[in-house]
Amino acid sequence: MKNSSLSVVILIAVAIAAYFVAGALAPLQALHLSIAVIIGGAIVLISGGVSTNNDSPVSTSSNETNENIETQTLYVGNLPYRANESAIRKLFSDYGQVVSVRLLKDKQTGKRRGFGFVEMAASDAPKAIAALNEQEFQQRTLKVREANERKEA
DNA sequence: CATGAGCGA
């Protein structure tokens, strides 16, 4: 839709340019028009062929499993109120790829509740638990455990 | 601003 109108604009501009290019190449003005029409027709075929290629861009059946890594949500408790999400993400990213980190805040009061959830690769989750559980983080002993409710892989 | 066991819009 937008591609077609844009193709028309580009087509006109290219055709005009092709007309002058043809003027430089051919001595006769009739030949100018002929070459311009030929080039214009070629542009029409090319742009038409491109725009009508509306097949699904990534319909290759091998693309459906696009890095579907098994993720495990970890419960992280006893977090310091000063802790922000980036610090937690960086802390956990040393033991595995962190998918998402969410620190829970009270919706009513807006205050932080001191715990959160870290979603990371399931293969790296036990290592992160063993390494970060009962570990001191900003003078607070973290409690890292597998999440129980809400989301499960 | 202040709080400290716990499992989430």
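Chain letters run A, B, ... following the sequence lines, proteins first, then strands; residues in each count from 1. No experiment lies behind these values; they were computed from the predicted model shown.
- Minimum heavy-atom separation, A:L79 to A:V76: CD2-CG1, 3.5 Å.
- Scanning residues 115-141 of chain A for heavy-atom distances under 4.0 Å to DNA chain B yields A:F115, A:F117, A:R140.
- Within 4.0 Å of A:L79, counting heavy atoms only, lies at least one base atom of the nucleic acid.
- The distance from atom CG of A:N84 to atom NZ of A:K90, rounded to the nearest 0.5 Å, is 11.0 Å.
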Distance-only criterion, 3.5 Å: show the donor-acceptor pairs between side-chain atoms of residues 130-149 of chain A and protein atoms not counting sequence neighbours.
unit_1, atom_1, unit_2, atom_2, d
A:N133, OD1, A:V144, N, 3.0

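- Looking at heavy-atom distances under 4.0 Å, A:G77 makes no contact with the nucleic acid at all.
- The stretch residues 80-92 of chain A comes close to DNA chain B through A:P80, A:Y81, each having a heavy atom under 4.0 Å from the strand.
- Linking Ile, Leu, Val, Met, Phe, Trp and Tyr whenever their side-chain heavy atoms come within less than 4.5 Å leaves A:V118 and A:L104 in two separate clusters.
- A continuous path of hydrophobic side-chain contacts links A:I129 to A:I88 [ILVMFWY only; heavy atoms under 4.5 Å].
- Here the side chain of A:R102 pairs no donor or acceptor atom with the backbone of A:E85 at under 3.5 angstrom.
- Contacts with DNA chain B (heavy atom under 4.0 Å) in residues 142-149 of chain A: A:R145, A:E146, A:A147, A:N148, A:E149, listed by number.
- The two residues A:S93 and A:V98 have their closest heavy-atom pair at N-CG2, 3.5 Å.
- Closest non-hydrogen pair, A:M120 versus A:A128, comes out as SD-CB, 3.6 Å.
- Among pairs with a residue in residues 67-96 of chain A, those fulfilling ring pair (Phe, Tyr, Trp, His ring centres under 6.0 Å) read A:Y75-A:F115, A:Y75-A:F117, at least two apart in sequence or across chains.
- Nucleotides of DNA chain B that come within less than 4.0 Å of any heavy atom of chain A span, from the 5' end to the 3' end, B:dA2 to B:dA9.
- A:S100 contributes atom OG, which lies 7.0 Å from atom CZ of A:R89 (distance to the nearest 0.5 angstrom).
- Comparing A:K111 and A:Y75 against DNA chain B, the residue whose closest nucleotide sits nearer the 5' end is A:K111.
- Taking every heavy atom of both residues into account, A:L74 and A:A125 meet most closely at CD2-CB, 4.0 Å.
- For the atom pair CD of A:E119 and CD of A:Q72, the computed distance is 9.0 Å after rounding to the nearest 0.5 Å.
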